[in-house]
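Please read the structure below before turning to the comments.
In what follows, every chain begins at residue 1, and chains take the letters A, B, ... in the order their sequences are listed. It should be emphasised that the depicted structure is a prediction, and the values quoted were computed from it without experimental measurement. Worth knowing before you read on, the calculation uses all heavy atoms, side chains too, and leaves out hydrogens, waters and symmetry mates.
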Amino acid sequence: MNEAQERIYAAIAAIPPGRVASYGAIAARAGLPGRARLVGRLLGEVPDGMTLPWFRVLRASGEVALPRGSKGFREQCRLLKAEGVEVKNGRVPLSRFGLDADVDRVLWGMPGF
DNA sequence: GCCATGGCTAGTA
DNA sequence: GCCATGGCTAGTA
(Lines give C-alpha, C1' and ligand atoms only; values in the text may rest on other atoms or scores of the structure.)
Protein backbone atom coordinates (compact mmCIF):
# COMPACT_ATOMS: atom_id res chain seq x y z
CA MET A 1 0.00 0.00 0.00
CA ASN A 2 1.53 3.32 -1.00
CA GLU A 3 1.66 6.45 1.08
CA ALA A 4 -1.24 8.25 -0.58
CA GLN A 5 -3.40 5.22 0.01
CA GLU A 6 -2.54 4.97 3.68
CA ARG A 7 -3.19 8.63 4.25
CA ILE A 8 -6.56 8.46 2.59
CA TYR A 9 -7.63 5.43 4.58
CA ALA A 10 -6.39 7.14 7.73
CA ALA A 11 -8.39 10.26 6.92
CA ILE A 12 -11.52 8.16 6.47
CA ALA A 13 -10.90 6.25 9.67
CA ALA A 14 -10.67 9.58 11.47
CA ILE A 15 -14.22 10.66 10.65
CA PRO A 16 -16.04 10.55 13.99
CA PRO A 17 -19.24 8.53 14.31
CA GLY A 18 -22.30 10.60 13.50
CA ARG A 19 -20.35 12.82 11.11
CA VAL A 20 -19.74 12.68 7.37
CA ALA A 21 -17.16 14.04 4.93
CA SER A 22 -17.00 14.51 1.18
CA TYR A 23 -14.57 12.67 -1.08
CA GLY A 24 -12.87 15.98 -1.76
CA ALA A 25 -12.58 16.81 1.94
CA ILE A 26 -10.99 13.45 2.65
CA ALA A 27 -8.51 13.94 -0.16
CA ALA A 28 -7.63 17.38 1.17
CA ARG A 29 -7.19 16.08 4.72
CA ALA A 30 -4.93 13.38 3.38
CA GLY A 31 -2.77 16.09 1.86
CA LEU A 32 -3.97 15.31 -1.66
CA PRO A 33 -6.19 18.20 -2.70
CA GLY A 34 -8.09 17.57 -5.89
CA ARG A 35 -7.90 13.80 -5.64
CA ALA A 36 -11.54 13.15 -4.77
CA ARG A 37 -11.85 10.45 -7.40
CA LEU A 38 -8.91 8.60 -5.97
CA VAL A 39 -10.77 8.47 -2.67
CA GLY A 40 -13.78 6.95 -4.39
CA ARG A 41 -11.68 4.35 -6.12
CA LEU A 42 -9.84 3.34 -2.98
CA LEU A 43 -13.12 2.87 -1.18
CA GLY A 44 -13.97 0.28 -3.79
CA GLU A 45 -10.87 -1.72 -3.02
CA VAL A 46 -10.49 -1.69 0.74
CA PRO A 47 -8.17 -4.56 1.71
CA ASP A 48 -9.78 -7.57 3.36
CA GLY A 49 -9.71 -7.37 7.10
CA MET A 50 -9.52 -3.59 7.20
CA THR A 51 -12.46 -2.01 8.95
CA LEU A 52 -13.31 1.42 7.66
CA PRO A 53 -16.29 3.76 8.14
CA TRP A 54 -16.65 3.94 4.36
CA PHE A 55 -20.31 4.90 4.71
CA ARG A 56 -19.38 8.28 6.23
CA VAL A 57 -18.02 9.47 2.88
CA LEU A 58 -20.45 11.31 0.65
CA ARG A 59 -20.50 13.53 -2.39
CA ALA A 60 -19.76 17.22 -1.91
CA SER A 61 -23.52 17.75 -2.25
CA GLY A 62 -24.21 15.49 0.73
CA GLU A 63 -25.66 12.75 -1.46
CA VAL A 64 -24.80 9.09 -1.23
CA ALA A 65 -22.61 8.48 -4.27
CA LEU A 66 -23.58 4.85 -4.85
CA PRO A 67 -26.29 4.25 -7.43
CA ARG A 68 -29.79 4.47 -5.98
CA GLY A 69 -31.40 1.13 -5.61
CA SER A 70 -28.07 -0.64 -5.30
CA LYS A 71 -27.34 -2.84 -2.33
CA GLY A 72 -24.53 -0.52 -1.27
CA PHE A 73 -26.78 2.51 -1.40
CA ARG A 74 -29.29 1.00 0.98
CA GLU A 75 -26.55 -0.28 3.24
CA GLN A 76 -24.91 3.13 3.45
CA CYS A 77 -28.17 4.86 4.33
CA ARG A 78 -28.88 2.22 6.94
CA LEU A 79 -25.47 2.55 8.62
CA LEU A 80 -25.64 6.33 8.67
CA LYS A 81 -29.10 6.36 10.22
CA ALA A 82 -27.95 3.76 12.72
CA GLU A 83 -25.53 6.29 14.16
CA GLY A 84 -27.93 9.17 14.18
CA VAL A 85 -27.19 10.85 10.87
CA GLU A 86 -30.26 12.20 9.10
CA VAL A 87 -30.61 10.76 5.62
CA LYS A 88 -33.58 11.92 3.61
CA ASN A 89 -33.80 10.17 0.31
CA GLY A 90 -30.14 9.54 -0.15
CA ARG A 91 -28.99 12.89 1.11
CA VAL A 92 -27.43 14.21 4.31
CA PRO A 93 -27.48 17.88 5.34
CA LEU A 94 -23.77 18.69 5.50
CA SER A 95 -24.49 21.86 7.43
CA ARG A 96 -25.45 19.67 10.36
CA PHE A 97 -23.38 16.51 9.97
CA GLY A 98 -20.34 17.62 7.98
CA LEU A 99 -16.93 17.41 9.63
CA ASP A 100 -16.77 21.11 10.30
CA ALA A 101 -20.38 21.49 11.31
CA ASP A 102 -19.11 21.72 14.88
CA VAL A 103 -17.38 24.95 13.94
CA ASP A 104 -20.81 26.35 13.24
CA ARG A 105 -22.11 25.05 16.53
CA VAL A 106 -19.23 26.73 18.34
CA LEU A 107 -19.88 30.01 16.57
CA TRP A 108 -23.57 29.85 17.34
CA GLY A 109 -22.73 29.49 21.00
CA MET A 110 -20.45 32.51 20.94
CA PRO A 111 -21.59 35.94 21.99
CA GLY A 112 -21.82 38.16 18.96
CA PHE A 113 -22.61 35.42 16.45
C1' DG B 1 -12.91 3.90 -21.70
C1' DC B 2 -14.57 4.09 -17.26
C1' DC B 3 -16.11 6.39 -12.87
C1' DA B 4 -18.21 5.53 -5.07
C1' DT B 5 -16.53 13.57 -8.25
C1' DG B 6 -17.45 18.31 -8.48
C1' DG B 7 -19.23 22.58 -10.06
C1' DC B 8 -22.31 25.33 -12.62
C1' DT B 9 -26.42 26.30 -15.43
C1' DA B 10 -30.92 26.19 -17.23
C1' DG B 11 -35.50 25.86 -16.39
C1' DT B 12 -39.50 25.17 -13.33
C1' DA B 13 -42.71 26.45 -9.63
C1' DG C 1 -28.51 17.28 -15.36
C1' DC C 2 -24.63 17.97 -17.97
C1' DC C 3 -19.95 18.42 -18.92
C1' DA C 4 -14.99 18.88 -17.74
C1' DT C 5 -11.28 16.35 -15.41
C1' DG C 6 -7.94 13.21 -13.66
C1' DG C 7 -6.16 8.87 -12.90
C1' DC C 8 -6.22 4.03 -13.55
C1' DT C 9 -7.17 -0.31 -16.13
C1' DA C 10 -8.28 -3.57 -19.60
C1' DG C 11 -7.33 -5.00 -23.85
C1' DT C 12 -4.97 -4.70 -28.37
C1' DA C 13 -0.88 -4.69 -31.30
*Mind checking the CG-CD1 spacing from A/L52 to A/I8? Nearest 0.5 Å is all I need.*
11.0 Å
*Watson-Crick or G-U wobble partner for C/dA10, using a 3.5 Å limit on both distances?*
none
*NZ/NE/NH1/NH2 to OD/OE distance under 4.0 Å, A/K71 and A/E75*: no
*Roughly how far, to the nearest 0.5 Å, is CZ of A/R19 from CZ of A/R56?*
11.0 Å
Polar atom pairs between nucleotides 5-10 of chain C and protein, under 3.5 Å, N or O only, would you list them?
| from | atom 1 | to | atom 2 | distance (Å) |
| --- | --- | --- | --- | --- |
| C/dG6 | N2 | A/R37 | NE | 2.7 |

*Say you draw a straight line from CD of A/Q76 to CH2 of A/W54; how long is it, rounded to the nearest 0.5 Å?*
5.0 Å
*How long is the line joining CG of A/L52 and C1' of B/dA4, in whole Å?*
13 Å
*Which is it for A/L43 and A/Y23 under the side chain to side chain contact (heavy atoms under 4.5 Å, CB included) test, yes or no, and what are the steps along the way?*
CA-CA 10 Å; A/L43 277 173; A/Y23 294 82; 3.8 Å; yes
*Count the heavy atoms of every other residue, nucleotide or ligand shown that sit under 6.0 Å from CD of A/E3, and state whether that count exceeds 12.*
no
*Can you tell me the pairing partner of B/dA4 across any strand shown, Watson-Crick or G-U wobble, with both distances under 3.5 angstrom?*
none
*Write down the distance between CZ (A/R59) and P (B/dC3), rounded to a whole number of angstrom.*
13 Å
